[in-house]
Amino acid sequence: MELPEVETIVRTLAPRAVGRRIESVSVFRRDLLKLATPEAVRKAFAGSCIAGIRRRAKFILIDADGGFTLIVHLAMGGKLLSVPTGAPREEHTHLTLRLDGGCDVRMVDVRHFGKASLARTDEALTHPFFARIGVEYDDAEFTPDALHMLLAGHPKLAVKQFLLDQAGISGIGNIYASEVLYRAGISPAKPCASLTRPWAALLHGVIREVLSEAICNRGTSIRDYVDATGRGGGHQSALKVYGREGEPCPACGRPIVRIVQGQRSTFFCPRCQR
DNA sequence: TAGAGCCTGCGG
DNA sequence: CCGCAGGCTCTA
């Protein structure tokens with residue numbers, strides 16, 4: 001899941017969890033936690049109230065009023081759900097926060113690619129998880145010039161691969177990388193250095209547009225993704241190229257092509273994207 | 001800066 | 001059986 005899905009989870013989880021008291025913490029898969037133990041999470045969270053839930057890059061931060069923050073990364077296919085406390089525990093549930101008011105926050109992750117850690121709230125954004133995380137798409141620092149500079153720092157790298165690198169711009173994943181490049185009319189294989197300042201400015205605007213539109217549509221559900229209430233996203237019907245190999249390009253009608261870059265699928269229109 | 005690897009599950 | 005999946009980490 002990518003930034004729009006993570007943002008949607010934050011927005012749907014917050015009204016169900018913020019202000020609630022954490023009655024208990026259960027960790028069912030110990031190695032979910034990095035640089036933290038289940039005992040430490042329990043000690044930091046049990047008895048506290050959830051003060052806020054926020055997002056940084058693809059991470060979800062759950063702030064408790066005792067001064068500690070749980071940092072969660074859902075990777076591919078992970079879920080963070082608000083479910084009634086009495087509901088049966090679904091398979092691959094790795095962590096549960098039992099809240100007052102009758103609901104749990106549960107992290108479910110079939111593929112075990114997700115992770116979580118604990119930080120002091122005032123230091124949460126300097127946690128090692130964020131050591132190589134770049135700028136937010138909507139940050140004031142993310143300007144056309146800033147993007148142009150970032151591109152210049154990876155001259156030979158294919159621009160698709162650059163978009164996936166969280167150390168540059170954070171939050172873009174495999175779906176939106178293809179969608180962004182299609183809308184910008186840029187071939188995914190283009191080396192970053194070949195993007196002149198006007199192209200960087202165009203790409204900058206398109207990144208902001210595509211991610212905000214996907215957030216407005218509450219993310220993309222192709223396979224498993226659901227928000228904290230179990231509801232799917234609405235953006236899948238707005239995708240122009242991702243997952244559409246062989247289908248006609250919405251602009252020129254020629255077939256969308258799938259290639260592999262860095263072991264990930266890329267979808268694009270060879271005619272509209274140069 | 002490429003590539004293998006980490007896991008489980010689905011669909012062809 | 002095979003390929004594929006909204007991600008990231010470590011290695012050569």
Side-chain angles (χ1 to χ4, degrees), chain A residues 1-10 28-32 34-35 55-60 71-80 90-94 107-117 127-134 137 150-181 188-193 207 210-211 213-215 217-228 231-246 258-267:
Chain A
M1 90 188 34
E2 312 178 35
L3 183 153
E5 292 75 40
V6 177
E7 179 66 27
T8 303
I9 289 171
V10 166
F28 303 103
R29 190 172 65 84
R30 204 184 165 88
D31 71 347
L32 162 75
K34 311 298 178 190
L35 306 169
R55 179 191 63 75
R56 165 76 174 104
K58 297 175 189 171
F59 294 85
I60 296 165
I71 310 173
V72 177
H73 194 286
L74 296 173
M76 292 205 276
K79 301 177 196 171
L80 200 59
E90 102 177 69
E91 200 175 359
H92 305 296
T93 300
H94 300 317
M107 179 188 175
V108 181
D109 180 17
V110 169
R111 294 181 72 178
H112 302 197
F113 284 177
K115 61 185 181 179
S117 191
H127 186 280
F129 280 178
F130 298 112
R132 295 180 40 85
I133 295 295
Y137 79 105
L150 284 171
L151 290 164
H154 306 269
K156 304 196 73 170
L157 187 64
V159 60
K160 159 67 165 16
Q161 311 256 56
F162 166 79
L163 291 176
L164 290 182
D165 178 6
Q166 302 300 297
I169 311 152
S170 61
I172 300 173
N174 209 37
I175 295 177
Y176 300 114
S178 282
E179 293 298 311
V180 160
L181 291 171
K190 254 190 161 270
C192 292
I207 289 167
V210 168
L211 293 180
E213 288 172 19
I215 291 170
N217 289 328
R218 304 175 347 271
T220 298
S221 292
I222 291 172
R223 167 168 234 166
D224 321 276
Y225 163 72
V226 290
D227 69 19
R231 183 187 187 195
H235 195 71
Q236 50 282 0
S237 57
L239 299 178
K240 301 287 195 285
V241 291
Y242 184 85
R244 301 200 184 283
E245 181 182 20
R258 172 182 173 269
I259 60 173
V260 175
Q261 295 177 286
Q263 308 160 119
R264 314 292 304 277
S265 292
T266 302
F267 299 87

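A, B, ... follow the sequence lines: proteins, then strands. Residue 1 opens every chain.
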Measure CD1/Ile172(A) against C1'/dC8(C) and give the value in whole Å, please. 16 Å
Which of these nucleotides, dC8(C), dC4(C), dT1(B), is closest to any side-chain atom of Leu157(A)? dT1(B)
Counting C-beta onward and ignoring hydrogens, is there a side-chain heavy-atom pair between Phe162(A) and Ile169(A) closer than 4.5 Å? yes
Quick one: on DNA chain B, does His154(A) or Glu91(A) contact a more 5' nucleotide (nearest heavy atom)? His154(A)
Taken to the nearest 0.5 Å, the spacing of Arg56(A) CZ from Phe129(A) CZ works out to 14.0 Å
Phosphate OP1/OP2 of dC4(C): any Ser265(A) side-chain N/O under 4.0 Å: no
Leu74(A) near the nucleic acid: base, sugar-phosphate alone, or nothing, with a heavy-atom cut-off under 4.0 Å? nothing
Regarding Asp224(A), tell me which of base, sugar-phosphate or nothing describes its non-hydrogen contacts under 4.0 Å with the strands shown. base
Separation of dC6(B) atom P from Arg29(A) atom CZ, nearest Å, is 15 Å
Rounded to the nearest Å, what distance is computed from the CD atom of residue Glu245(A) to the C1' atom of nucleotide dA5(C)? 15 Å
Would you mind reading off the distance between Phe130(A) atom CZ and dT9(C) atom P, rounded to a whole angstrom? 12 Å
If you pin Arg258(A) and Gly262(A) to their nearest nucleotides in DNA chain C, which one's is more 5'? Arg258(A)
From the candidates dT9(C), dG7(C), dT1(B), the one with an atom nearest any side-chain atom of Lys115(A) is dT9(C)
Side chains of Met107(A) and Leu80(A): does their closest heavy-atom pair fall under 4.5 Å? yes
Distance-only donor-acceptor test (3.5 Å): side chain Gln263(A), base dA4(B): yes
Centroid distance under 5.5 Å and plane angle under 30°, Phe113(A) vs dC6(B): yes
Choose from dG9(B), dA2(B), dG7(C) the nucleotide whose nearest atom is closest to any side-chain atom of Arg223(A). dG9(B)
Whole-Å gap separating P (dT9(C)) and CE (Met76(A)): 13 Å
Can you find a heavy atom in the side chain of Leu181(A) that is under 4.5 Å from one in the side chain of Thr266(A)? no
Classify the ring geometry between His73(A) and Phe59(A) as parallel (under 30°), tilted (30 to 60°) or perpendicular (over 60°). perpendicular
Please check the phosphate of dC7(B) (OP1 and OP2 only) for any side-chain N or O of His92(A) closer than 4.0 Å. no
Grab the CD1-C1' distance between Ile133(A) and dT9(C) for me, whole Å please. 12 Å
Below 4.0 Å: OP1/OP2 of dC8(C) and any side-chain N or O of Lys58(A): yes
Comparing Gly77(A) with Phe129(A), nearest DNA chain C nucleotide closer to 5' gives the residue Gly77(A)
Ile259(A) atom CD1 is separated from dC4(C) atom C1', nearest whole Å, by 17 Å
Student check: side-chain heavy atoms of Ile175(A) and Ile222(A) closer than 4.5 Å: yes
d(CG, Leu164(A); C1', dT1(B)) in whole Å: 14 Å
Checking side-chain polar atoms at under 3.5 Å, does Tyr225(A) have a donor or acceptor matched by the opposite partner on Gln236(A)? no
Inter-nucleotide P distance (dG9(B), dT9(C)), Å rounded: 24 Å
Candidates dC4(C), dA2(B), dC7(B) - which lies nearest the side chain of Arg111(A): dC7(B)
Which dot-bracket string fits DNA chain B when only Watson-Crick or G-U wobble pairs with both atom distances under 3.5 Å count, crossing pairs get [ ], and | stands for a partner on a different strand? ||||||.|||||
To the nearest 0.5 Å, atom CD1 of Ile207(A) lies from atom CD1 of Ile172(A) at 4.5 Å
